[in-house]
Amino acid sequence: MAKKKNVSKDQRLKQREKEKKKKRQTWLIMMSTLVVLLLVVLIVGIVIQNKQKVKTDQTGNSGTSTPTTSSVIQYKNEPAMGKADAPIKLAEFGDYKCPICQAFELQVFPQLKKDFIDTGKVQFYFMNYPIIAQDSVLAANASETIYEEHSADFWKFHELLYENQGDETKNWVTQDLLTKIAKQAVPSLDEKAFKWSLAQSSYKDQVDRDTLMGQRAGVQGTPTLFINGVMTKGSPLDYEALKQQINQALNKIQK
């Protein structure tokens, strides 16, 4: 009888071990399944997040990738002409030594001003983009100085500087010439202070800011125009083409 009891006890021990092993296996299977599910949820979340990020990057609303052109063009603290609530913001990146910029200023801009700026449809901005020569930078610094210190007289100085433009291939931009032009635009100008500002490149940061903005927006030559942050097509001297693009932008806004 003792032998039978021992056998029965061994069987019970084996059964218990078997049950424990089965429970461990079941627990391991459950934990593995849970880990796999968590990984799947994590991967799906990352995929959805990346898709949302790509979508917002493409619309220029958020994200960390290269911003769209419309978000690159910044208008704050830039010379502006026209009503602040105008539906169209037209920005020009120009170089005061550029002969095409001069032609745009003297031939195209007067009609643009009459048709769109004076009627409240367009607010016009000028951004410095000195790329022709080193004295282009000096001219840009002069315009920034006038804007920062005599903002009411900026557009007069801007126009006079183009009217006095010299040969593109020569270094005609000098402190003396700039001071003479500035004095015409600003009769009360402190000439000594103005020349000191030019010598110190007091507003270099503003010129660099415009230049960097133009580079990020894809500007490769001057003048380059942007309508509400979108680069225009065709020659800036083709007023009819420019007029058509402005009207198209206006029609989209009004719809």
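- Taking the six-membered ring for Trp and thresholds of 30 and 60 degrees, Trp155 and Phe124 have ring planes inclined between 30 and 60 degrees apart.
- Scanning both residues, Glu78 and Met213, for their nearest heavy atoms gives OE2-CE, 3.6 Å.
- Taking CD of Glu240 as the start and CD of Gln111 as the end, the distance is 8.5 Å to the nearest 0.5 Å.
- Note that the CG atom of Asn141 and the OG atom of Ser202 stand 8.0 Å from one another [nearest 0.5 Å].
- When atom types are taken as modelled, the side chain of Gln245 and the backbone of Lys233 share a donor-acceptor pair closer than 3.5 angstrom.
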query = What do the steps show when you test Glu149 against Tyr203 for side-chain hydrogen bond (donor to acceptor under 3.5 Å, both in side chains), and what is the final call?
reply = CA-CA 11 Å; Glu149 299 180 7; Tyr203 298 100; 2.8 Å; yes
request  = For side-chain contact (heavy atoms from CB on, under 4.5 Å), just list the numbers for Glu92 and Thr224, CA-CA rounded to whole Å, side-chain angles, deciding distance to a tenth of an Å, and then say yes or no.
outcome  = CA-CA 6 Å; Glu92 175 198 357; Thr224 296; over 6 Å; no
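- When the side chains of ILVMFWY residues are joined at heavy-atom separations under 4.5 Å, either directly or via intervening members, Tyr125 and Leu250 end up in two distinct hydrophobic clusters.
- Salt-bridge annotation for Lys180 and Asp176: absent, with no side-chain N of the basic residue lying under 4.0 Å from a carboxylate O of the acidic one.
- Phe126 and Val186 fall within a single hydrophobic cluster, where Ile, Leu, Val, Met, Phe, Trp and Tyr are joined by side-chain heavy atoms under 4.5 Å apart, directly or via other members.
- Partners of Lys243 according to the salt bridge (Lys or Arg N to Asp or Glu O under 4.0 Å) rule, which considers only residues two or more places apart in sequence or in another chain, do not exist here.
- With no hydrogens or angles considered, a side-chain donor-acceptor pair links Ser143 and Asn128 at under 3.5 Å.
- Between the side chain of Gln165 and the backbone N or O of Cys98 there is at least one donor-acceptor pair closer than 3.5 Å.
- A single hydrophobic cluster is not seen to contain both Leu106 and Leu160; linkage of ILVMFWY side chains at heavy-atom distances under 4.5 Å, directly or through other members, places them apart.
- Considering all non-hydrogen atoms of both residues, Ile246 and Val122 come closest at CG2-CG2, 4.0 Å.
- Aromatic pair Phe93/Phe226: centroids less than 6.0 angstrom apart.
- Between Gly229 and Ile73, the shortest heavy-atom contact is CA-CG1, 4.1 Å.
- The main-chain N or O of Glu148 is never found under 3.5 Å from a side-chain atom of Ser151 such that the two would form a donor-acceptor pair.
- Exactly one of Thr169, Asp167, Asp135, Thr222 qualifies for a side chain to side chain donor-acceptor pair (under 3.5 Å) with Lys97. That residue is Asp135.
- Minimum interatomic distance between Pro130 and Val207 (heavy atoms only, all atoms of both residues): CG-CG1, 3.9 Å.
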task = Might you work through the side-chain contact (heavy atoms from CB on, under 4.5 Å) test for Phe157 and Leu161, ending with a clear yes or no?
result = CA-CA 6 Å; Phe157 175 81; Leu161 189 48; 3.9 Å; yes
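- Separating the CD atom in Gln184 from the CD atom in Glu163 is a distance of 9.0 Å, to the nearest 0.5 Å.
- Judged by distance alone, the side chain of Asp153 and the main-chain N or O of Lys156 form no donor-acceptor pair under 3.5 Å.
- Residue Thr232 holds its OG1 atom at 12.5 Å from CD of Gln244, rounded to the nearest 0.5 Å.
- Under the 4.5 Å side-chain contact rule for hydrophobic residues, Leu198 and Val137 do not share a cluster.
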ask   = Hey, mind stepping through Gln248 and Lys252 against side-chain contact (heavy atoms from CB on, under 4.5 Å) and telling me if it holds?
value = CA-CA 6 Å; Gln248 287 175 347; Lys252 287 183 180 179; 5.5 Å; no
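- When all heavy atoms are compared, the tightest approach of Asp210 to Met127 is OD2-CA, 3.5 Å.
- Using the six-membered ring where Trp is involved, Tyr96 and His158 have ring planes that are perpendicular, over 60° apart on the 30 and 60° scheme.
- Contact check for Asn77 versus Arg209: side-chain heavy atoms found under the 4.5 Å cut-off.
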request  = Apply side-chain contact (heavy atoms from CB on, under 4.5 Å) to the pair Gln175 and Leu178, showing each step before the final yes or no.
outcome  = CA-CA 5 Å; Gln175 283 194 19; Leu178 292 171; 5.7 Å; no
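- The distance from atom CG of Asp115 to atom CG of Leu242, rounded to the nearest 0.5 Å, is 10.0 Å.
- Cation-pi contact between Lys89 and Tyr75: present, with separation from the ring centre below 6.0 Å and deviation from the ring axis of at most 45°.
- Counting heavy atoms from C-beta outward, Thr179 and Thr174 have side chains that stay 4.5 Å or more apart.
- Closest approach of Ser136 to Ile131, counting heavy atoms only: CB-N, 4.4 Å.
- The hydrophobic cluster containing Tyr162 also contains Leu177, counting ILVMFWY residues as joined when their side-chain heavy atoms lie under 4.5 angstrom apart, directly or transitively.
- Under a cut-off of 6.0 angstrom, the local environment of NZ in Lys183 is crowded, with over 12 non-hydrogen atoms contributed by other residues, nucleotides or ligands.
- Taken to the nearest 0.5 Å, the CD atom of Glu168 stands 8.0 Å off from the CD1 atom of Ile100.
- Side-chain atoms of His150 and Leu189, non-hydrogen and from C-beta on, do get closer than 4.5 Å to each other.
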